[in-house]
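Take a look at the structure below.
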Amino acid sequence: MFMIPSYRTSTCVEAIAVDPIRGLANIRFKSNGYEYRYSNVSRRKILNLLFNKNMSLGFWVQQLRKDAV
């Protein structure tokens, strides 16, 4: 079940959807319009993104790209 975090402006991320149960994140980038699916995402990081409305999407994605598959 994918969830969409609250709306935030971002210069790099167009859309994001996360599944905290399966540890998945779908991210569509503004620069090229491509959509990527990341697996093995920390459930704690996903929940932090969903509940922390001030978190930067770009910063979250940078950390995600280092840790996820």
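This structure is a prediction, so every number in the text was calculated from the model and none was measured.
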Could you tell me the separation between the CZ atom of F59 and the SG atom of C12, rounded to the nearest 0.5 Å? 12.5 Å
Between Y36 and Y34, how do the two ring planes meet: parallel, tilted or perpendicular, split at 30° and 60°? perpendicular
Rounded to the nearest 0.5 Å, what separates atom CZ in F51 from atom OG in S6? 11.0 Å
Does E14 form a salt bridge (charged side-chain N to carboxylate O under 4.0 Å, His left out) with K30? I'd like the steps, not just the answer. CA-CA 5 Å; E14 183 176 335; K30 285 183 178 179; over 6 Å; no
Looking at I16, L24, V18, I21, which hits side chain to side chain contact (heavy atoms under 4.5 Å, CB included) with F2? L24
In this structure, CE of M55 is separated from NZ of K45 (nearest 0.5 Å) by 9.5 Å
Distance-minimising heavy-atom pair for L50 and P20: CD1-CG, 4.3 Å
Heavy-atom check, side chain of N26 versus side chain of E35, under 4.5 Å: yes
Neighbour count >12 (heavy atoms, 6.0 Å) for atom CG, L47: yes
If you round to the nearest 0.5 Å, how far is CH2 of W60 from CG of L49? 5.0 Å
Hey, could you give me the CZ/CG distance between R22 and N40, rounded to the nearest 0.5 Å? 14.0 Å
Inter-residue atom distance S56.OG - Q63.CD, 0.5 Å rounding: 10.5 Å
If you apply the rule side-chain contact (heavy atoms from CB on, under 4.5 Å), what do you find for L64 with I27, and how did you get there? CA-CA 10 Å; L64 174 70; I27 300 169; 3.3 Å; yes
